[in-house]
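Below is one structure; the comments refer to it alone.
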Amino acid sequence: MAEQKHGVSRSPPVSSFIFICLLSVFINLDVAVGDGSSPSMVQYTPADNYLINCGSPDSTFLDDGRTFKSDPQSASFLSTEENILASVDSISNIISSSSSFPSSSFPLYTSARIFSGVSMYRFLIFRPGRHLLRLYFYPLAHPSYNLTRAFFTVKTDSIVLLHDFSVKDNTRLVFKEYLLNVTSDKISLTFAPMRNSFAFVNAIELVSAPDALFSDSASAVSSPVGVFSGLSNYAFEVSYRVNVGGPIIPPKGDILWRTWQPDDRLMTFPQGAKNVSVPPDIINYPEGGATPLIAPNLVYSTASEMADSGTANPNFNLTWTMSVDPSFSYLIRLHFCDIVSVSLNDLYFNVYVNGMMGVSSLDLSTLTSGLAVPYYKDFVLNASAISNGSVMVQVGPSSGIPSSLPNAILNGLEVIKMSNSAGSLDGLFSVSGTHQNTLSGSRMMKIAEAFGLVMGIATILLLVMAIIRWHRRPQGWEKQGSFSSWLLPFNSSHCSFMSSKSKSSYSSVFSSGLFSRFFSFNELREATKNFDENAVVGVGGFGKVYLGELEDGTKLAIKRGNASSSQGINEFQTEIQFLSKLRHRHLVSLIGYCDEQSEMILAYEYMANGPLRDHLYGSTLPPLSWRQRLDICIGAARGLHYLHTGSAQGIIHRDVKTTNILLDENLLAKVSDFGLSKAAPSLDQTHVSTAVKGSFGYLDPEYFRRQQLTEKSDVYSFGVVLFEVLCARPALDPKMPREKVNLAEWAMQQHRKGLINEIIDPSIVGSIGSESLMKYVEAAEKCLAEYGVDRPSMGDVLWNLEYALQLQEASSQLNFHEDTVMEQPNKPKTKGDPNVVVSDDSGVVNGSPLFLKVGDFQGR
């Protein structure tokens, strides 16, 4: 990158590049690792470890064991030789007022380097991936430069870190920490002063971060609710890192040299909180979960709990409020460790982010299988949900949970800013200097809110009019030319924009954007060869389902309604109601509709591999591998998790079973058939009272007894599905001996006896890793708890299944390694060679789905 000095553009000479190569090797010879003072007793050696005390003539040694080198004194490397030095006395007033700032970092603020023109540091990257970048700023006194008047921009090759930045207050230290995904073998850090100004920096850290520090996905608590994927595409800036209930943790107490601030200034109602602590060495990190790299045990050994937890019923939440820039989205990581309970399953509590439910009835001991075991949860909060310029995190007791005492805890908290679409962490200017949008974030938010309000009112009015119209439908409506003529308060004779003879009044609803296509009756008749009985792939209460093919070769699953079936009409309406607002990779998509000649027809995407049940038993299809079964269960769990959390109120499927989990040509799983679905209870409700519907063998016994429906009813049904996938037999089999008729009961009995291996599908029994099987069966059994409050959420089930898949992959890699060691040397290896292990997941490709086959529908 060229540097600008006195209006002349020139590139850094080769000598400077070689110099920095040597510098990087020199610095990496002195790599900082866990120095023994870290209570986690785990060492981490970063591949890239640049520690620079800018402007200092000598190396600086910190009490955390790290050494910051002096930056080069060559004008060929930087655009200025101007350095300023200051004694410790010159910042003594800052030290005395910075009790919440780690004193070990103070030496880094006693020198600085000033840039009068665009200048850069260029670092070689030996291991691409996530890197921690830390910048230190303090406007030291200087006879020629008033650093409080410095205005400048700091950026990398692709991310703007600071725009029009300045430090006007010389009574405080400024520390910035970023997490960047470096994908090349070098990175440039550029300091660009504003016109007639200059830039400065006191110290720089660029350190490799562990791959496991952040995953690629998190739970989205604001619209759209569900799983937020693609975090690797974002850059991050740490806004808050808090040790809840404990003191400041300096860099020497953290393996990654992070600083954890106390929470006393962030808690809204500190009188309601009580700080608790335990010796750090009793913290027991789990396998496959939180590690000391996620947070040190000093964080997990302290917490805040409810001060009134020992009394009858505290009716408040512990609340932490943090000011943020409302134009950015934020990644929020919460750290939990149950150090307050005396026995398992004593602590249940809710987690809220900006007033929205993050986790309901969080049971740490069930998730971690023990006490004093760390657990963390990541959330993404969209910028649209930060209307008041703050992030609010709350934990509070879960109502209706049979725990010993109402209580809630939090051990640690991180609030991390996410880069925006301009590739910036500070404003809307990109690296190239272009402005992304002419509207301010607040103005755009107001416009969006106004538009949403108008659309919401219009939608409510349409729904109310449709309901009134439904109750006033004329007798014999099914004999009229269109089943929708009574549904909406207008038709083609009243509305000029619906004058087409080929589309009836209901067309306006679909064509408004909810569905992509209107099909004529003749078009669908030709696609199904006049609704040939040989094209029938399923029959249900609604009617028959046909396999159809359009002229362009597109295959569809065409559900033709039976107007004489009241059940079919109700299910038809329910399916439209829910599918019109649902779009997810693991849910069936509604492609279009037909509303002609008294017909009720819906067209869905086609799934070439049909229902999951056909691949388990009752057909001649080849058996699925264990890896394929895990992938399918994970996909179905994702679909159900989205149903439960993907809208403001949530949706309960109410008929989860293996015939309603369909597979595409790549065995990608999608949940189908929403004819029995119900809106989930609102926040002030615990259940929905409704008549019992579903399929025997999958039916939640608590729902059956009490006729009270919750999301946990779907969880129970999914638990049956999990055992059905493992054992390859029906949920109910009357041909079996009495104790084996009900799969769920029999499987749990066998598991308690330690005989689970005896009931596994023989085709996969030898290919399942023992730890993967244990985690899978544990997840299934938790789903089948007698009472809904004891069952996990679908999000927790999904987590456990993904963990089971990771355990299986680890086991497969180990087996592969052992088999490779035993191979004969110098022997050519081919796919047909019996000594070569071929992955069994070649059929599980996350490609784009084509169309859905709605197969094997049966009357309920």
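For reference, positions follow the sequence shown, starting with 1. Quick caveat, the model's predicted, so the values are computed rather than measured.
The structure places CG of L524 at 5.0 Å from SG of C594, a figure rounded to the nearest 0.5 Å. Atom CE of M794 is separated from atom CD of E711 by 11.5 Å, given to the nearest 0.5 angstrom. Distance CG/L640 to CD1/I652: 11.5 Å, rounded to 0.5 Å. Atom NZ in K670 sits 15.0 Å away from atom CG in N660 (nearest 0.5 Å). Taken to the nearest 0.5 Å, the CE atom of M607 stands 6.5 Å off from the CG atom of L663. Put simply, CD1 on I558 and CG on L547 are 8.0 Å apart, with the number rounded to the nearest 0.5 Å.
Side-chain contact between L743 and C727 is present, with heavy atoms from C-beta onward closer than 4.5 Å. Inter-residue side-chain proximity for V221 and V380 is flagged as unmet; no heavy-atom pair is nearer than 4.5 Å. Taking 4.5 Å as the limit, every side-chain heavy atom of V671 sits out of range of all side-chain heavy atoms of V588. Between L722 and L801, the closest side-chain pair of non-hydrogen atoms falls below 4.5 Å. Between K544 and R560 there is no side-chain heavy-atom pair separated by less than 4.5 Å. Side-chain contact between V797 and C783 is present, with heavy atoms from C-beta onward closer than 4.5 Å. Contact of the F519 side chain with the I601 side chain is not registered, since no non-hydrogen atoms from C-beta on lie closer than 4.5 Å. Inter-residue side-chain proximity for Y698 and V656 is flagged as unmet; no heavy-atom pair is nearer than 4.5 Å.
The backbone N or O of V725 sits less than 3.5 Å from a side-chain atom of R629, completing a donor-acceptor pair. Distance alone, capped at 3.5 Å, is enough to place a donor-acceptor pair between the S222 side chain and the N382 backbone. Listed for the Q628 side chain is a donor-acceptor partner under 3.5 Å among the backbone atoms of S625. Checked by atom type and distance alone, the side chain of H586 never pairs as donor or acceptor with a backbone atom of Y642 at under 3.5 Å. A donor-acceptor pair is defined here as one N or O able to donate and one able to accept, closer than 3.5 Å; such a pair exists between the side chain of S772 and the backbone of A804. A donor-acceptor contact shorter than 3.5 Å is absent between the side chain of S219 and the backbone of F379. A donor-acceptor pair under 3.5 Å is absent between the side-chain atoms of H615 and the main chain of L624, judged by distance alone. Using modelled atom types, one side-chain atom of R791 and one backbone atom of K712 make a donor-acceptor pair closer than 3.5 Å. Looking at N530, its side chain never comes within 3.5 Å of a backbone N or O of D532 through a donor-acceptor pair.
Neither side chain, D614 nor S619, offers a donor N or O lying under 3.5 Å from an acceptor on the other. D700 and S713 share a side-chain donor-acceptor pair at under 3.5 Å. Using modelled atom types, one finds no donor on one side chain facing an acceptor on the other under 3.5 Å when comparing D378 with S215. Checked by atom type, the side-chain pair D714/S717 shows no donor-acceptor distance below 3.5 Å. In this model, a donor atom of one side chain and an acceptor atom of the other lie less than 3.5 Å apart for R654 and Y703. At a cut-off of 3.5 Å, with distance as the only test, no side-chain donor of S520 or N522 sits close to an acceptor on the other residue.
Between L550 and A527, the shortest heavy-atom contact is CD2-CB, 4.0 Å. Between D631 and R627 the shortest heavy-atom distance is OD2-NE, 2.8 Å. What you find for L556 and A603 is that their closest heavy atoms are CD1-CB, 4.0 Å. Summarising the geometry of A744 relative to V720, their closest heavy-atom pair is CB-CG2, 4.2 Å, with the distance given to 0.1 Å. For the residue pair P623 and S763, the shortest heavy atom distance occurs at CB-OG, 3.5 Å. Closest approach of A383 to S329, counting heavy atoms only: N-OG, 3.1 Å.
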inquiry  = side-chain contact (heavy atoms from CB on, under 4.5 Å) for L630 and Q808? Distances and angles first, verdict last.
reply    = CA-CA 9 Å; L630 282 175; Q808 180 63 24; 4.1 Å; yes

request  = Go through T658 and Y617 one step at a time and tell me if the side-chain contact (heavy atoms from CB on, under 4.5 Å) criterion holds.
outcome  = CA-CA 11 Å; T658 50; Y617 53 86; 4.3 Å; yes

query = D216 and S229: side-chain hydrogen bond (donor to acceptor under 3.5 Å, both in side chains), yes or no, with the steps?
reply = CA-CA 6 Å; D216 193 51; S229 300; 5.5 Å; no

message = If you apply the rule side-chain contact (heavy atoms from CB on, under 4.5 Å), what do you find for I632 with L612, and how did you get there?
response = CA-CA 8 Å; I632 290 169; L612 171 59; 3.9 Å; yes

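Note: F723 and Y776 fail the aromatic proximity criterion, with ring centroids not under 6.0 Å apart.
By the 4.0 Å N-to-carboxylate-O rule, K657 lies too far from E724 to be salt-bridged with it. The pair E802-R638 counts as a salt bridge, with a side-chain nitrogen and a carboxylate oxygen less than 4.0 angstrom apart.
Paired with R729 under the rule side-chain contact (heavy atoms from CB on, under 4.5 Å), one option of L726, D733, L732 passes, and it is D733.
Ring-plane geometry between F531 and Y546 is classed as perpendicular, the angle between the planes exceeding 60 degrees on a 0 to 90 degree scale with a lower cut at 30.
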